[in-house]
2 protein chains.
Amino acid sequence: MAGKPTVYDVAAHAGVSIATVSRVLTRPEDVRASTQERVLAAVRELRYVPSGSARGLASRRTGVLGLFLPGVDAVEDLSDPAIDADRPVEVRLDPARPGQRLGADLYFEAVLRGCELEAWRQGFSLMISVGRGRSPESLEIALSDLAGKVDGLAVIAQSAPHDVLKRIGDSIPVVYLAGQRSGDDFDHITVRNREGMRALTEHLIDAHGIRDPMYLTGPFDSPDDAERYGGFAEALEGRGINPTALPVLHGEFSRERARAVAADLIAGGRLPRALVCANDQMALGVLDALGAAGLRVPDDVIVTGFDGIDDGTRSTPRLTTVRQPMLELGRAAVRAMVARLNAPDLAPANAELPVTVLLRESCEGPLPPLP
Amino acid sequence: MAGKPTVYDVAAHAGVSIATVSRVLTRPEDVRASTQERVLAAVRELRYVPSGSARGLASRRTGVLGLFLPGVDAVEDLSDPAIDADRPVEVRLDPARPGQRLGADLYFEAVLRGCELEAWRQGFSLMISVGRGRSPESLEIALSDLAGKVDGLAVIAQSAPHDVLKRIGDSIPVVYLAGQRSGDDFDHITVRNREGMRALTEHLIDAHGIRDPMYLTGPFDSPDDAERYGGFAEALEGRGINPTALPVLHGEFSRERARAVAADLIAGGRLPRALVCANDQMALGVLDALGAAGLRVPDDVIVTGFDGIDDGTRSTPRLTTVRQPMLELGRAAVRAMVARLNAPDLAPANAELPVTVLLRESCEGPLPPLP
DNA sequence: GTGAAAGCGCTAACAC
DNA sequence: GTGTTAGCGCTTTCAC
């Protein structure tokens, strides 16, 4: 018995058949307690670890779910330059670099955590893969490779081309996260971007009398942002304000860009009473610029974000925002995959997760802190 | 040909043998170009996705590496309470909750990114699993399950009991990250905790004349922290200062706890000239407390951290720290696994990654920002 | 409750 | 360069 032990070794050791070993490991209740113990003892003694591949092949399910994330930009360049040095410690001054691109804020970290959590609960393992700046071909290979190893695949919007996903989709269930349906049969899970931004904007109008909020958008191709802007516009229209008359600025979802944009606004004296940002990062950038200029939030300008990232509770003032349930997004993705595995013929499902508008000091002014 | 297509289907469709199909997909250079095209065409047409399980079983390598992370605490309780509500949007005031435990800062996110990056480069997929607050048994099951599905396993220190790991270790290569060797044969990858803290402390003594720094420790059972404190003590001894005469405080690696501890210090008038914290989170907590008390950093007190998290560059003042190459840790883990797979009989390896002491405003005072 | 036997879909020798 | 043939280590009927 050189090499790893197999069911045969365990069976021989315990004096049973391989079928019984298999039963003990998968449906113990079908086996007499005494036999069970003998087998388990053999398993321990031989340090037997069942082969996932053999199991997957025989049972036609791998017990693994896949998560495909969009390319975290430029992560390749983050390698520490000091790493090649021979000395174990380098000491150096590290002056501030204003435009510095920090390690990509893994916006989807919470989704990943949600997936892992729910996968664990459902008895699945989780495999992850990142789109990165790959060529279309290598992206296709990566996806198809992943697809061959999992029972279901969750894909975050815009991380992979639709045609490739469709091909994979008739091999295993695909769940599409946070993106619009576009002629596919996948299960979709999205977040109430539109309703969230509408509610927030309505609050600004109704409670704070804002009639000319300025909107700070993200990238042009973000469907999330499109929905958010839609909600913003709807709120205005609903209150008799023409949204097309209001200027819109572009911040590319970047804190740095937003800071610069806001600084320009301040310099030009074109600051509105309220700046509605399509995400928190940009809102924080706006706060940076406003703070640097000595302006007061919300007294001089109201600032709001979207997403509900932690940093928004550590800024001064804390950021009013719309929180997305990112963890829930991951959990819902796994649930959807499992549901689909159990019922492959159901019609494609759509789930839209609720959001929460969190009113904090950046629009409300001082709030009494909770104990 | 109902159900998923297999090699046989593709072979028949292309008019070749299954061996040739396999070759085209694994070693195309062994196949005539014209045959290749025929096969590839059949693959596309049938939407063939090779079964990872069958491949793994036949070739005895899964092409998957595993990463086992420590339990991200209480992630289970983070579920958004609003999620059960029927309405798509909830609007509510969100006052500050001082003691609030925010979403666990996934300290190991960068390790994960490094693993994914390097795994991709090396042609492997990555499977992740989290220790969470599992019972010892279920932890063992989870690990052994994972072990059956991967070619190698990277484990972050203290996420799993040593005996379980040893069992797994003679089934597949195990790489142990950021922990001390303790009678195991794993490859180990650590970071120069000791040297980093020693260099930082020496700088405080030599450049700033600090003779009585106070140390803020993490949990008792953290080997990382033990090393760091060791470096701190060495630096002092090397300069003729007796470290045991200096008080040590306990902050549990928590920002909140550190804030409270520092507040006590301030209230009691026992503030030293320098507070050396075992991690950045605690150093940030100290900055919080100092800021609230109107004290100036570094004029009144010098504060230093350890880790090099992004938030340390966004605090006021920015935090002097020792940066750990977390991304590199992940990359090194994957490289170690791959190396071990290619040479199983090599002696257990030890790699210690260099760190960088980053001197910033929290000890140096104003630095001219880089353009 | 347990065993015998037939695959699951691929890769890897080995022939040709 | 390509085909034939054995397995890889399990799960799963189907008997008993």
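These values consider heavy atoms only, across backbone and side chains, with no hydrogens, waters or symmetry-generated copies. Letters go in sequence order (proteins before strands), and every chain restarts at 1. Treat the numbers as computed from the prediction; the structure is a model and nothing was measured.
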### Message
On DNA chain C, compare the nucleotides closest to B:Arg60 and A:Ala33; which residue's is nearer the 5' end?
### Response
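With B:Arg60 and A:Ala33 compared, the 5'-side residue is A:Ala33.
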### Query
OP1 or OP2 of D:dT11 less than 4.0 angstrom from a side-chain nitrogen or oxygen of A:Arg61, does that happen here?
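For D:dT11, OP1/OP2 do not have a side-chain N/O of A:Arg61 under 4.0 Å.
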### Query
Does the side chain of B:Tyr48 get closer than 4.0 angstrom to OP1 or OP2 of C:dC10 through an N or O atom?
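True: B:Tyr48 side-chain N/O within range (under 4.0 Å) of C:dC10 OP1/OP2.
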Using atom [atom1] of [X] as one end and atom [atom2] of [N] as the other, report the distance to the nearest whole Å.
| X | N | atom1 | atom2 | result |
| --- | --- | --- | --- | --- |
| B:Glu29 | D:dT2 | CD | C1' | 15 Å |
| B:Arg27 | D:dT2 | CZ | C1' | 12 Å |
| B:Ile18 | C:dA13 | CD1 | P | 15 Å |

Taking the side chain of [X] as heavy atoms from C-beta outward, which of [options] is closest to it?
| X | options | result |
| --- | --- | --- |
| A:Ser22 | C:dT2, C:dG9, D:dT12 | D:dT12 |
| B:Ser17 | D:dC10, D:dG3, D:dT12 | D:dG3 |
| B:Thr35 | C:dT11, D:dT12, D:dT2 | D:dT2 |
| B:Thr20 | C:dT11, D:dT2, C:dC10 | D:dT2 |
| A:Val16 | D:dC10, C:dT2, C:dG3 | C:dG3 |
| B:Ala58 | C:dT11, D:dT2, D:dT11 | C:dT11 |
| B:Thr6 | D:dT11, C:dC10, C:dT11 | C:dC10 |
| B:Leu57 | C:dC10, C:dA12, C:dG9 | C:dG9 |
| A:Arg23 | D:dC10, C:dG3, C:dC8 | C:dG3 |

#### Entry: Position toward the 5' end of DNA chain D (nearest nucleotide), B:Ala19 or A:Arg55
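The answer here is B:Ala19.
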### Message
Both A:Tyr8 and B:Arg32 contact DNA chain D. Which one's nearest nucleotide lies toward the 5' end?
### Response
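Closest to the 5' end, via its nearest nucleotide, is B:Arg32.
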### Query
Can you tell if the side chain of A:Ile189 reaches within under 4.5 Å of the side chain of A:Leu329, non-hydrogen atoms only?
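A:Ile189 reaches A:Leu329 side chain to side chain.
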### Task
Name all pairs fulfilling the salt bridge (charged side-chain N to carboxylate O under 4.0 Å, His left out) condition that reach into residues 161-171 of chain B, sequence neighbours left out, sorted by first residue then second.
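Only A:Arg47-B:Asp170, B:Glu140-B:Arg167 qualify under salt bridge (charged side-chain N to carboxylate O under 4.0 Å, His left out).
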### Query
When rounded to the nearest 0.5 angstrom, what is the spacing between CD1 in A:Ile168 and CG in A:Leu153?
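Going from the CD1 atom of A:Ile168 to the CG atom of A:Leu153 covers 6.0 Å.
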### Query
Could you state the interatomic distance from CG (B:Asp30) to OG1 (B:Thr35), rounded to the nearest 0.5 Å?
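With rounding to 0.5 Å, CG (B:Asp30) is 11.5 Å from OG1 (B:Thr35).
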### Task
Return yes if a side-chain donor-acceptor contact under 3.5 Å exists between B:Lys149 and B:Thr62, otherwise no.
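B:Lys149 vs B:Thr62: no donor-acceptor pair found between side chains.
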